[in-house]
Amino acid sequence: MFVDSHCHIDGQEYDADREEVIARARDAGVTTMLNVGTGDPHGGPFERAVDLAETHEGIYAAIGVHPHDAKLFDNRAEQRLLGLARRSERVVAWGEIGLDYHYDHSPRNVQREVFQRQLGLARELNLPVVIHSREADTDTISIFREALTGYRRGGVMHCFGGSLGMAEAAIELGLFISFAGNLTFKKAEDLRDVARQLPLDRLLIETDCPYLTPVPFRGKRNEPARVVETARCLAGLHGKGVEEIGRTTSENFARLFGVRLYGTEVTEP
Ligand SMILES: [Zn+2]
Ligand SMILES: [Zn+2]
């Protein structure tokens with residue numbers, strides 16, 4: 001059993017074959033997925049993400065304005081997203097939010113302001129957060145620390161690419177660390193060194209598809225079924241079986257987001 005903790009299969013890249021992509025995921029044992037909406041908050045991408053979750057068992061939704069689009073965030077966007085999160089039980093996280101200093105598609109001061117603001121919204125709704133941080137880990141951690149130290153719901157640093165120190169600081173603050181297909185890349189020796197040293201009970205796996213297709217499928221469109229390759233890589237690093245990594249990261253996912261894993265029995269206490 002595997003969970004893809006971060007995918008974007010509501011996007012147009014999958015318009016032609018979305019149901020087959022979902023079926024292939026199930027066949028590969030990827031029972032549960034978190035589909036993260038992104039895009040211009042005024043253009044309806046979050047409604048689309050929620051729609052997908054509401055029409056498919058085992059698919060949940062995260063909504064939040066990506067740092068790339070921080071400059072498009074305003075009161076109207078905020079109200080629209082808040083309404084959606086309150087309306088649908090399938091919205092289980094706020095994100096992806098954070099900072100991206102690699103592309104700088106929005107000015108950095110705006111990114112920081114919108115990140116802070118959305119951490120507050122997550123707290124208001126009592127949702128865990130999905131954090132995107134690229135070349136901005138120091139600011140990301142300090143803003144999170146300031147806004148949400150001790151926050152019971154926590155969150156995840158998705159597609160982690162930072163140092164061991166950053167990962168440990170994030171875990172200290174109650175965050176999980178999620179690894180994507182780039183963990184398998186030939187040149188990612190440093191990242192694998194980090195992953196090797198982190199406790200398995202704080203780790204998640206994801207595809208971030210359609211991006212970051214893992215080895216040996218590089219060059220092709222990515223899809224949730226391929227999260228198994230990241231699990232395999234992590235298994236090698238920790239000297240475990242791939243099944244065990246799948247199970248542990250799935251349980252971590254259920255614990256963090258407070259959701260049931262698709263296909264498992266609900267057991268009464
Ligand atoms: Zn991201
Ligand atoms: Zn993403």
Side-chain angles (χ1 to χ4, degrees), residues 3-14 18 21 25 30 32-41 43 45-46 48-50 52-53 59-73 81 91-106 108 110-112 114-115 118-119 122 127-137 139-141 143-144 155-162 166-167 170 175-185 188 191 203-214 221-227 229-230 249 253 256-257:
V3 171
D4 185 351
S5 75
H6 189 116
C7 63
H8 301 282
I9 55 170
D10 58 323
Q12 60 181 18
E13 292 87 350
Y14 302 97
R18 187 170 293 105
V21 165
V30 183
T32 305
M33 301 157 228
L34 179 61
N35 185 75
V36 181
T38 54
D40 176 354
F46 300 107
R48 198 177 62 203
V50 173
L52 181 74
I59 302 184
Y60 295 96
I63 60 170
V65 176
H66 193 285
H68 288 345
D69 303 310
K71 57 179 186 266
L72 303 172
F73 186 90
L81 267 71
V91 176
V92 299
W94 196 278
E96 53 187 294
I97 57 175
L99 305 172
D100 194 312
Y101 293 172
H102 179 75
Y103 287 109
D104 283 322
H105 287 329
S106 287
R108 293 183 181 184
V110 176
Q111 290 189 43
R112 287 191 288 266
V114 169
F115 180 34
Q118 294 190 90
L119 288 173
L127 288 174
V129 290
V130 176
I131 297 177
H132 171 110
S133 174
R134 188 147 181 211
E135 292 169 27
D137 284 354
D139 280 5
T140 300
I141 292 291
I143 289 173
F144 184 89
V156 56
M157 294 276 280
H158 109 87
C159 189
F160 190 77
M166 279 303 155
L175 294 166
F176 284 72
I177 303 293
S178 179
F179 289 105
N182 52 336
L183 188 68
T184 69
F185 292 0
L191 189 59
L203 303 187
L204 301 179
I205 51 174
E206 64 173 85
T207 56
D208 202 13
C209 65
Y211 316 109
L212 296 171
T213 309
R221 182 190 65 174
N222 200 4
E223 59 178 66
R226 305 218 161 115
V227 79
E229 301 308 322
T230 299
T249 52
F253 178 90
L256 170 59
F257 295 108

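All ligand and atom numbering here is 1-based and tracks the order in the structure.
Looking at Ser106, its side chain does come within 3.5 Å of a backbone N or O of Lys71 through a donor-acceptor pair. Side chain of Asp100 to main chain of Tyr103: a donor-acceptor pair is present (N/O by atom type, distance under 3.5 Å, no hydrogens or angles).
Side chains of His8 and Asn35: no donor on one and acceptor on the other come within 3.5 Å.
Nearest approach of Asp4 to Cys209, heavy atoms of both residues: OD2-SG, 4.5 Å.
When you scan the N, O or S atoms of Asp208 for the one nearest the Zn ion (ligand 2), you land on OD1.
The distance from the Zn ion (ligand 2) to the nearest N/O/S atom of His66 is not under 2.8 Å.
Geometry about the Zn ion (ligand 1) gives an angle of 120° between NE2 of His158 and ND1 of His132, rounded in steps of 10 degrees. Between OE2 of Glu96 and NE2 of His6, the angle at the Zn ion (ligand 2) works out to 90°, rounded to 10 degrees.
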